[in-house]
Amino acid sequence: MALDDIKTRIAQAEAAAGRAPGATTLIAVSKVQPNERVQAVLDLGHRCFGENRVQEAQGKWPAFMEHYDSIDLHLIGPLQTNKARQAVELFGTIHTLDRPKLANTLARLAQERGDCPDLFIQVNTGEEPQKAGVLPADADAFVAEARALDLPVRGLMCIPPVDEEPALHFALLAKIAARNGLDGLSMGMSSDFETAIALGATHVRVGSAIFGDRTPG
Ligand SMILES: *Cc1c(COP(=O)(O)O)cnc(C)c1O
């Protein structure tokens with residue numbers, strides 16, 4: 001089964017990098033996947049999943065949560081402030097904090113609820129205009145701003161440009177995290193998670209290599 005295969009490769013990458021076994025959390029990215037495939041992975045005992053849209057996750061996960069304990073959901077796609085309340089109610093971790101307005105909204109919700117998901121700040125390491133995330137040059141200031149709001153910032157997240165060497169982006173993200181005293185690194189997908197683990201990833205987001213292609217139909 002693909003899940004076991006990915007877990008083995010993660011363990012090998014951890015060992016090769018001299019990192020502790022289990023140092024990397026595997027987020028199985030289930031967006032757009034048919035429910036049968038998601039259920040098959042749940043039945044293998046996996047509980048950590050990633051979704052990139054709040055609405056899709058809301059339609060899909062409450063039913064699974066009635067049948068399976070300890071499901072741990074991670075939001076890995078952009079979050080609009082008007083969906084923030086639904087997001088904090090459903091997700092244990094949000095990987096896409098990327099602007100002051102969203103930080104303020106999350107801080108207000110945290111005050112009101114007495115609870116906040118773990119947060120990763122998304123950094124646009126490739127400085128791509130169409131991509132979300134703070135620019136590398138603005139990252140330190142934004143980390144400080146989020147901390148000043150008492151938000152539980154656990155680490156940084158990036159999605160490297162498709163046509164560039166991902167290792168350069170993972171190394172940059174690790175460097176920004178280290179100088180800000182952050183331990184969490186959400187980086188690495190199906191095609192490059194082993195490289196990400198070598199460079200310190202604590203969370204890899206793997207979709208198609210576990211579930212198969214997302215092509216509809
Ligand atoms: C879809 C997605 C992934 C998983 O991509 P695969 O290539 O299928 O592993 C990881 N991270 C983010 C932010 C995504 O949107």
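Both counts, for ligands and for their atoms, begin at 1 and track the order of listing. Note that the structure is a prediction, hence the values are computed from the model and not measured. Residue numbers count from 1 along this sequence.
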To atom 14 (C) of ligand 1, the nearest of Arg205, Met189, Lys31 on a heavy-atom basis is Lys31
Under 4.0 Å between a side-chain nitrogen and a carboxylate oxygen: does that hold for Lys31 and Glu56? no
Minimal heavy-atom distance between Asn124 and Gly133, with the atoms involved, is CB-O, 3.7 Å
Query raised in the report: Backbone N or O of Leu26 within a donor-acceptor pair of the His46 side chain at under 3.5 Å?
Result: yes
key: Atom CZ of Arg19 with >12 non-hydrogen neighbours under 6.0 angstrom   = yes
shortest atom 13 (C) of ligand 1-to-protein heavy-atom contact is with Ile76 O, 3.4 Å
(Q) With nothing but distance in play, are any N or O atoms of Ser208 less than 3.5 Å from an N or O of ligand 1? (A) yes
- State, yes or no, whether a side-chain contact exists between Cys116 and Leu109 at a heavy-atom distance under 4.5 Å. no
Does His95 have a heavy atom less than 4.0 Å from any atom of ligand 1? no
Near Val206 (heavy-atom distance under 4.0 Å), the atoms of ligand 1 are 9 (O)
One finds that the ligand 1 atoms under 4.0 Å from a non-hydrogen atom of Gly207 are 4 (C), 6 (P), 8 (O), 9 (O)
Restricting to heavy atoms, the pick from Ser191, Ala209, Ser190, Gly212 nearest atom 9 (O) of ligand 1 would be Ser190
Result for ring-ring contact (aromatic ring centres under 6.0 Å, His included) between Trp61 and one of Phe49, Tyr68, Phe91 points to Phe49
Scanning both residues in full, the closest heavy-atom pair of Thr96 with Ile76 reads CG2-O, 3.4 Å
So the atoms of ligand 1 within less than 4.0 Å of a heavy atom of Ile159 turn out to be 13 (C)
- Can you check whether Val29 has an N/O within less than 3.5 Å of an N/O in ligand 1? no
